[in-house]
**Q** 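Sending over a structure as structure tokens; questions will come in a sec.
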Amino acid sequence: MRTVEVIVDVPAHQTNQTYDYLIQEGQRVEVGMRVHVPFGNRNVEGFVLGIKEDAQEADFKFALKPVYAVLDEEPVLTHELIELAKYMCEQTASFMINALQTILPAALKVGRKQAVKVKTQEMVVRVIDGVVQPKAKKQFEAVEFLLGQRLPYSATELRKQFSAPIVQSLLQKGAIVTEEQEVLRSVYNSSVYEEYVKQPLTAAQQVAFDAISAGRESGQAMLLHGVTGSGKTEVYMQQIEAVVASGKQAIVLVPEIALTPQMVQRFVGRFGEAVAVLHSRLSNGERFDQWRLIERGEVKIVVGTRSAIFAPLTDIGLIVIDEEHDSSYKQENMPAYDTREMALWRADFHHCSVIFSSATPSLETYARAQVDRYLYVGIHERIAGLMMPEVKVIDMREELHAKNLSMFSRDLLAAIRDRLDKKEQIILLFNRRGYATFVKCRECGYVVECPNCDISLTYHKTSNKLHCHYCEHQEPLPQTCPNCTSPYIKLFGQGTQRLTEALQQEFPDARILRMDRDTTSQKGSHQAIFDTFSNLEADILVGTQMIAKGLDFPNVTLVGVLAADQTLNFPDFRASERAFQLLTQVSGRAGRQRAGTAIIQTYMPDHYAIQFAAKHDYQGFYQEEMKIRKQHYYPPYCHVSSLKATAASAKEAYDLLFAIYQEFKDDEAIQIYKPVPALIARVNNQYTYQCLLKYKDKKHTLARLYDLQQKYYKHNKVSLSISV
DNA sequence: AGCACGCCGACT
DNA sequence: GTCGGCGTGCTC
Ligand SMILES: [Zn+2]
Ligand SMILES: [Zn+2]
């Protein structure tokens with residue numbers, strides 16, 4: 001008899017194992033397919049991870065139940081992806097079912113109510129010549145046209161080109177035959193993309209290119225470290241070209257905010273239809289179709305964000321992780337995987353290389369390159385012999401002394417005026433955290449908060465209501481302060497919005513564009529802003545972090561950073577690193593084609609992150625930051641994780657974590673800190689506490705963390721989660 | 001995770 | 001006497 005081993009959709013430590021089921025007569029099952037099975041007194045779905053061809057009843061200590069139904073005709077998981085899921089479990093102390101679910105797009109996950117529909121379209125599948133006489137002019141024309149087209153041809157498109165009645169009579173006469181056919185939703189229209197021509201490499205780029213080629217021979221992982229504007233993208237695009245020419249496939253990962261229409265343009269414009277695009281703003285249907293396109297082997301290059309590392313390519317020749325240092329490569333929720341580790345695993349499986357590309361590599365990656373775990377490939381000059389932008393650091397304390405209380409320093413204002421006169425463009429970065437609009441009383445300072453969470457409510461224009469971003473709660477906008485009944489209760493706008501208004505007052509004639517979450521929430525709005533600024537129809541672009549990445553404007557000669565300290569003051573050991581990276585990145589936007597200047601406004605002008613960024617001195621920053629990391633025992637000298645406990649009562653969450661703390665205190669290999677409330681202590685009336693863990697031995701620690709879930713299991717009362 | 005089973009308080 | 005609270009254990 002044949003049996004299957006199934007991972008069921010019950011995410012709990014007690015059920016984190018395979019369950020055996022009997023395959024029934026006529027059921028066609030393969031490893032990687034989804035099945036419907038009885039489980040206890042209910043029915044669940046699961047993934048087939050193994051098949052036993054000639055199992056004996058005596059092999060099992062329990063009575064086998066039958067597989068109710070096989071849900072797929074083809075496996076949704078390859079052998080490789082199943083192994084990758086196992087690796088993810090080890091790396092994150094997660095359950096197998098969660099790892100498998102994260103790997104798959106929503107449409108192929110298990111246990112979902114809303115099925116994603118296969119899209120169909122009426123297509124002309126056959127054209128019969130000679131049925132329509134030439135005197136029926138229009139109809140004849142349509143037939144002639146179709147004979148010159150590749151079939152199947154969209155009937156809707158044909159109706160648009162000719163007319164509905166004409167197509168109708170063709171159908172009636174039997175001159176054409178149509179059929180409902182499955183179509184894949186496309187996420188870009190390759191015909192509207194102009195070709196992105198191959199750029200000749202500079203000498204420095206060529207050296208890097210050759211070094212990478214050599215590294216790829218032996219499947220080495222590499223760090224491509226090039227200063228801003230050094231043309232790293234062109235180098236790895238030409239490597240991808242070589243990979244595709246050799247018949248293999250490539251994955252390119254890009255940070256969330258850098259996967260702009262311009263980025264897609266580069267790849268589609270260079271490689272055409274062989275490109276699949278996967279990003280978080282695709283609908284489930286679009287994502288599903290991109291996935292199927294990849295599975296069918298029609299895709300050579302996958303460009304996407306974090307989860308695109310799980311693309312079901314079967315013959316990978318290269319994986320590129322662009323802006324390697326970006327924090328969006330780590331998933332924050334429970335399988336808290338690091339995309340870079342997943343990439344290294346897949347590269348190992350396919351015997352190919354990973355290229356970590358960045359102008360400001362993470363300390364972890366750079367340190368690995370230092371000890372030759374990664375091959376170091378550097379490009380230390382900009383293309384076209386351009387100079388690095390000049391960076392001026394402005395001490396905002398002096399502005400205060402000079403009675404300048406505005407958001408703009410005198411130097412920045414003068415520089416803006418100068419560029420406006422010269423008809424050159426300006427980018428201003430305002431990276432203020434807490435970007436959302438909230439409601440605050442002018443008289444008593446009361447801020448409207450969610451009754452279920454420890455967070456202020458945010459205003460949504462569309463519903464004209466206050467919403468909570470962490471739970472379902474919403475309420476109408478109050479007219480008077482609930483605390484003091486004052487009528488002066490007002491919306492506080494986004495940082496960038498206020499900045500734009502202040503800027504407009506200073507420069508009434510300047511054409512100012514704003515790019516932030518608000519102004520890019522609609523489809524196509526990002527492209528529209530980009531086009532306007534590119535076409536020189538605006539002088540100043542004001543925005544959040546998203547203007548620091550993935551956008552190239554040759555006419556920009558001035559970049560201003562309004563509040564450089566925002567990133568530095570963040571309570572995180574990576575704050576300096578983040579600040580250095582952001583400042584380097586954004587000042588690199590200046591002078592892409594001619595000499596540029598960056599002006600950084602700060603209250604901490606002597607901070608080493610700002611100083612080294614101003615001097616474009618990555619090495620210097622690296623040395624200094626490594627000293628601090630060593631001193632305080634932080635990565636890359638160890639690993640850092642946080643352990644969270646969530647429960648309906650704060651005490652329960654705290655007590656459980658404290659018990660774990662007591663136990664871990666005695667483990668020499670793990671440093672554990674006392675439990676503290678999470679950043680947002682209460683969400684949806686659930687309280688979260690967290691402990692920080694530092695350790696060197698990842699395997700040992702993760703094994704212990706996994707065991708915790710068993711040992712401290714409090715039957716659905718307290719839930720534990722681990723993030724890296 | 002769900003769902004049943006089972007053991008004690010309180011209620012028509 | 002029974003109804004229902006939740007603590008405990010199991011699911012091929
Ligand atoms: Zn008030
Ligand atoms: Zn809430």
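Here is how names work: the chains are called A, B, and so on, in the same order as the sequence lines, proteins then strands, and each is numbered from 1.
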**Q** Within the 4.0 Å limit for protein heavy atoms, which parts of nucleotides 5-11 of chain C are touched? Write it as a string from 5' to 3', B for base, S for sugar-phosphate only, - for none.
**A** --SB--B
**Q** So that I can tick it off, tell me whether A/Glu663 and A/Lys711 are bridged by a salt bridge, with the cut-off set at under 4.0 angstrom between side-chain N and carboxylate O.
**A** yes
**Q** Return yes when atom NZ of A/Lys674 has more than 12 non-hydrogen atoms of other residues, nucleotides or ligands closer than 6.0 Å, and no otherwise.
**A** no
**Q** For A/Leu278, which of A/Leu253, A/Val303, A/Ile294 qualifies under side-chain contact (heavy atoms from CB on, under 4.5 Å)?
**A** A/Ile294
**Q** Determine whether the aromatic ring centres of A/Tyr713 and A/His13 lie less than 6.0 Å apart.
**A** yes
**Q** Heavy-atom contacts under 4.0 Å between residues 43-62 of chain A and DNA chain C, which residues?
**A** A/Phe62
**Q** Could you pull out all residues at least two apart from A/Phe60 that satisfy ring pair (Phe, Tyr, Trp, His ring centres under 6.0 Å)?
**A** none
**Q** For residues 658-687 of chain A, which residue pairs qualify under ring pair (Phe, Tyr, Trp, His ring centres under 6.0 Å), counting only residues two or more places apart or in two chains?
**A** A/Tyr654-A/Phe658, A/Phe658-A/Tyr661
**Q** Are A/Glu577 and A/Arg629 ion-paired here, with the side-chain N under 4.0 Å from a carboxylate O?
**A** yes
**Q** Just to be sure I understand: a Watson-Crick pair is purine N1 to pyrimidine N3 plus N6-O4 or O6-N4, both under 3.5 Å. Using that and G-U wobbles, which stems of three or more pairs involve DNA chain C?
**A** B:1-11 with C:1-11
**Q** Could you state the atom-to-atom distance from CD1 of A/Ile97 to C1' of B/dG2 in whole Å?
**A** 15 Å
**Q** Please enumerate all residues that pass salt bridge (charged side-chain N to carboxylate O under 4.0 Å, His left out) together with A/Lys119, with sequence neighbours excluded.
**A** none
**Q** Just the rounded figure in Å: distance from P of B/dA1 to NE2 of A/His13.
**A** 10 Å
**Q** Using atom CE of A/Met1 as one end and atom C1' of C/dC12 as the other, report the distance to the nearest whole Å.
**A** 11 Å
**Q** Does A/Thr701 form a side-chain hydrogen bond (donor to acceptor under 3.5 Å, both in side chains) with A/His639? I'd like the steps, not just the answer.
**A** CA-CA 10 Å; A/Thr701 308; A/His639 298 283; over 6 Å; no
**Q** Can we say A/Lys52 and A/Asp20 salt-bridge, meaning some charged N sits less than 4.0 Å from an Asp/Glu carboxylate O?
**A** yes
